[in-house]
Amino acid sequence: MRRLTGGRRELLGRLAVTPLLDRLEMAALSGLSQSAVYEAARQLEDAGLIASVPHGTDLVSPTRRFHLTGDGLRLLAREEYLTIDSLLRSYPVAARWRRVLLERLDAVAVIYRLASAVANIRHPIRFRWYRAMPMDAAVVLPGGRTLAVVRQGPATDRTGFSKRLRRLRDGPRPGGVLLVVPDEVRLRHARRIVGRRFAPAVLALERDAVAAAIDAPVWRLSPNDDAVSLREAIGRIDRTGALPAERPLVRVSVPPDIDDGRVGGGVPEHMLPALLKPAEKRVLDLLSDWPWLALSDLAGLLGVNSRRASRLAAAWGGFGLVARIPAAARRLALTDAGLTLLARRDRAAVDGAKKRWSVAPTDAGDWRNVSGRRSRQLLRNMEHTAAVHGFVAALARQARDLGWEIDQLDPPRRASRYFSYFGGMRSVHPD
């Protein structure tokens, strides 16, 4: 096979460093024009050197994300005068790496959009993924200044994320930290933890980090909460800083080429983030927030009619992520597979999610003795749980009818508040 030149060689190497980019992100990170990227990607795909998977979320429009095929990996190894084993150890392209990135694909998309915005401000940048370090990724700016990128997902609990931030504080210090969170409540929580211990650290809501222009003042400086643009935030980073070195994989192998066909229950778990549609993912997040939800209440929260909600329910059944529980009047709840999907997406503990929210029966076989302790509590107080769900669904419907928008609707576990009073810790746990 002839050696590659120009844009095709650049893209092949770029997809080794940053797998699962879409074409707009390839253009931003490579510095090539969009037309050059589209043409080079077409040629590489026609040659069987790269392939793509579909992907979309509520925040990131449906697109196709590209990765190297087995032939592409072998050609790149020859281009760089490496053995295939050396290539797999040098870049995040081994089978284990691909599985990790596919499991976190929704988070990967957000971080790539943020990295693309940084590249439009300071080019060229270097990018590095992490599997198990406190940060999700790191960006090295021209001149050697370093940025850690940390994302908190909707399924992440406060305690687990606090530990991640403390580990980041205690390890090698990057020049700055870009911290992305899902909502205002968790932004305030993260800012309190960060305080003055990261200099500088800037925080933004995930939807703003993805969609806002680079000069929009959507980032908050810690600890004073001043609003700045991404350009201003990066301009304040004047330290080189240091990044941790992650232990390499012990065993590496060429990943099998991906078949992205929708084949129901035969789909590997790590492919689900690529195959689920944005509406289906939104349903999973709602059921994570409001377990034991009736189909009519789900339709109200989604803003769709019951027929549309039923069609979505039929789609979930093929993947085994959602169950209708007979003992709860056929209400909907996430299965262990659904909990696992969200936990891995957001780097949360799978076992911890199951211990709290699993709806699997205990050894006794009584559905009212489900294994998840918080699910069990909600089920045993089903009349109260159903009343809360009915109220929030009615609130969502009436807000839309009146032309209002609900910006944030927190489930009980995220609405709890803790405070000190006369030397003791007190709490409020609203419905």
**OP:** List for me each residue that meets side chain to side chain donor-acceptor pair (under 3.5 Å) alongside R231, sequence neighbours excluded, and say none if there are none.
**Re:** D215
Original post:
What do you reckon, is CZ of R400 surrounded by more than 12 foreign heavy atoms closer than 6.0 Å?
Top reply: yes
Original post:
Between L203 and A190, which heavy-atom pair has the shortest distance, and what is it?
Top reply: CD2-CB, 3.8 Å
Subject >> Qualifying residues under side chain to side chain contact (heavy atoms under 4.5 Å, CB included), relative to S162, sequence neighbours excluded >> reply: R166, H189, I193
Subject >> Name of the residue among L230, L29, V149 meeting side-chain contact (heavy atoms from CB on, under 4.5 Å) with V118 >> reply: L230
Original post:
Applying side-chain hydrogen bond (donor to acceptor under 3.5 Å, both in side chains), which residue pairs with at least one partner in residues 11-25 are found, sequence neighbours left out?
Top reply: D22-T63, D22-R113, E25-R65, E25-R113
Original post:
So, does S253 use its side chain to make a donor-acceptor pair with the main chain of A95 at under 3.5 Å?
Top reply: no
**OP:** Without swapping roles, check the side chain of R89 against the backbone of L249 for a donor-acceptor pair under 3.5 Å.
**Re:** yes
Subject >> Residues in side chain to side chain donor-acceptor pair (under 3.5 Å) contact with R158, at least two apart in sequence or another chain >> reply: none
**OP:** Verify the neighbour count for atom CD of Q377: are there more than 12 heavy atoms of other residues, nucleotides or ligands below 6.0 Å?
**Re:** no
Original post:
Do you see a donor-acceptor pair shorter than 3.5 Å between the side chains of T69 and D257?
Top reply: no
Subject >> Minimal non-hydrogen separation, R207 against P182, with atom names >> reply: NH1-O, 4.3 Å
**OP:** Output yes when a side-chain donor or acceptor of R220 lies under 3.5 Å from a complementary backbone atom of R188, and no otherwise.
**Re:** no
Original post:
Do R344 side-chain atoms and E103 backbone N/O form a donor-acceptor pair below 3.5 Å?
Top reply: no
Would you tabulate the side-chain donor-acceptor contacts of residues 295-307 under 3.5 Å, counting partners in other chains and residues two or more places apart, or write 'none'?
unit_1	atom_1	unit_2	atom_2	d
N305	OD1	R307	N	3.2
N305	OD1	R308	N	2.7

Subject >> Reference residue D183; test side-chain contact (heavy atoms from CB on, under 4.5 Å); the match among R414, E206, Q152 >> reply: R414
Which atom pairs, donor and acceptor, lie under 3.5 Å between side-chain atoms of residues 136-145 and protein residues at least two apart or in another chain?
unit_1	atom_1	unit_2	atom_2	d
D136	OD1	R347	NH1	3.3
D136	OD2	R151	N	2.7
D136	OD2	R164	NH2	3.1
R145	NH1	I237	O	3.1

